[in-house]
J.: 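The structure is given below, and queries will be raised subsequently.
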2 protein chains.
Amino acid sequence: MFEHCLYFNTTSLARKVDRIWTRAFKPFGLTPSQAFMLRVVLAEGPITHTHLADRMNISKATCSRSVDGLQKLGLVDRKQTSADGRSFELVSTEKAQALNAELNETSAAVTKKLKHLVGNEAFETTVTNIKGINAAID
Amino acid sequence: MFEHCLYFNTTSLARKVDRIWTRAFKPFGLTPSQAFMLRVVLAEGPITHTHLADRMNISKATCSRSVDGLQKLGLVDRKQTSADGRSFELVSTEKAQALNAELNETSAAVTKKLKHLVGNEAFETTVTNIKGINAAID
DNA sequence: CGAAATTAGTTGCATAGCGAACTAAATGGA
DNA sequence: TCCATTTAGTTCGCTATGCAACTAATTTCG
């Protein structure tokens, strides 16, 4: 019945990959959501809440609370910018920087395993297509 | 940085389509999750919790609580099977059956709009590919 | 300049989701 | 038969997510 439904198939796949990356990041004490948010800050920070929320395609409410979590874990800091009294710049801590390489390797290892299961070309094509739909809608 | 990441792109798209279908089903007083679960019961019921959870690729815990919600809304009932004292069969109520056609039309209308934005062929191809990855992994 | 509108971020309240621990029923051997 | 194992479903405690309403700072413009 839902063979051709974007919602059904996409949310199903999202749950599946979330479970897989959850196991992968468990040794770090991080959820995939936290791990990816941290990776963005590590790779692209300093970055404001608003930009981070845009980058991850989450609401600013979710962003704010996720940053609370990472800050509690000692992985990011909120630095007041001199330019604008309303906004913060998020910066990674040394503790986070020490994890950077290993986080990237862990995610790459998961990807490699999935590519093996799915087939290299099908994997690449599909991710590209998903990215395309992401860009086209909303 | 995450251009080729399955997790990043899939979860992002899932959030996006969830927001879109949330707006679409709002007039029914249903979340997309509830609406799709109900549609499965309408189309494929009577069905047990276990089969429904498999069909939707959710845990039985989530399934159980989602069914609570639909039951509270008067849209499904849990019928004790005579065969097995542990399990229920989920059946749609008349109230739910009265919504069936309109739910299907609403989802079809959203799909049509998205196909227009994305392009028919790209849409179909991508959903098929997503379905393929869903089947290949885990 | 100063009031109105916009923008950045937080908080309240809700649903969706998972794993783990649990209860109760059914099944499978010895 | 009866105990051990499996299976169906629920409950607990947690994170992720969104919208709406809020505060505070900044910007716009008459």
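Each chain gets a letter, A, B and so on, in the order the sequences are listed, and its residues count up from 1.
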J.: Could you check whether atom CD of Glu94(B) has more than 12 heavy atoms from other residues, nucleotides or ligands sitting under 6.0 Å from it?
T.: no

J.: Would you call the rings of Phe8(B) and Phe2(B) parallel, tilted or perpendicular if under 30° counts as parallel and over 60° as perpendicular?
T.: parallel

J.: Write down the distance between NZ (Lys79(B)) and P (dG9(D)), rounded to a whole number of angstrom.
T.: 16 Å

J.: If you take all heavy atoms of Ser107(B) and Phe36(B), which pair is closest and at what distance?
T.: OG-CZ, 3.8 Å

J.: If you assign each of Ala83(A) and His51(B) to its closest nucleotide in DNA chain D, which residue comes earlier from the 5' end?
T.: His51(B)

J.: Nearest 0.5 angstrom please: Thr93(B) OG1 to Gln71(B) CD, how far?
T.: 10.0 Å

J.: Kindly give the atom pairs (protein nitrogen or oxygen, nucleotide nitrogen or oxygen) under 3.5 Å for nucleotides 16-20 of chain D.
T.:
unit_1  : atom_1 : unit_2   : atom_2 : d
dA16(D) : OP1    : Thr31(A) : OG1    : 2.4
dT17(D) : OP1    : Arg15(B) : NH1    : 2.9
dT17(D) : OP2    : Ser33(A) : OG     : 3.1
dG18(D) : OP1    : Arg19(B) : NH1    : 2.3
dG18(D) : OP2    : Ser59(A) : N      : 2.7
dG18(D) : OP2    : Ser59(A) : OG     : 3.1
dG18(D) : OP2    : Thr62(A) : OG1    : 3.0
dG18(D) : O6     : Arg65(A) : NH2    : 2.6

J.: Please tell me if the side chains of Val41(A) and Ile47(A) come closer than 4.5 Å, counting only heavy atoms from C-beta onward.
T.: yes

J.: Quick one: are Asn57(B) and Arg19(A) in side-chain contact, heavy atoms under 4.5 Å?
T.: yes

J.: Is Val110(B) reachable from Val17(B) through a run of hydrophobic residues whose side-chain heavy atoms are each under 4.5 Å from the next?
T.: yes

J.: Is it true that Lys95(B) and Asp77(B) have a side-chain N and a carboxylate O under 4.0 angstrom from each other?
T.: no

J.: Using the 3.5 Å cut-off, write out each protein N or O paired with an N or O of nucleotides 2-6 of chain D and the distance between them.
T.:
none

J.: Considering only dG9(D), dA25(D), dT10(D), which nucleotide approaches the side chain of Ser64(B) most closely?
T.: dT10(D)

J.: Shoot me the first and last contacting nucleotide of DNA chain C against chain A, ordered 5' to 3', at under 4.0 angstrom to non-hydrogen atoms.
T.: dT7(C) to dG19(C)

J.: Could you state the atom-to-atom distance from CG of Leu73(A) to P of dC14(D) in whole Å?
T.: 15 Å

J.: Please round to the nearest 0.5 Å and tell me the distance separating atom OG1 of Thr10(B) and atom NZ of Lys16(A).
T.: 12.0 Å

J.: Below 30° counts as parallel, above 60° as perpendicular, anything between as tilted: where do the rings of His49(A) and Phe88(A) land?
T.: tilted

J.: Could you walk me through whether Thr125(A) and Asn129(A) satisfy the side-chain contact (heavy atoms from CB on, under 4.5 Å) test, starting with their C-alpha distance in whole Å, then the side-chain angles of each, then the deciding distance to 0.1 Å, before giving a yes or no?
T.: CA-CA 6 Å; Thr125(A) 302; Asn129(A) 287 344; 3.8 Å; yes

J.: What is the distance from CG of Asp68(B) to C1' of dG9(D), rounded to the nearest Å?
T.: 11 Å

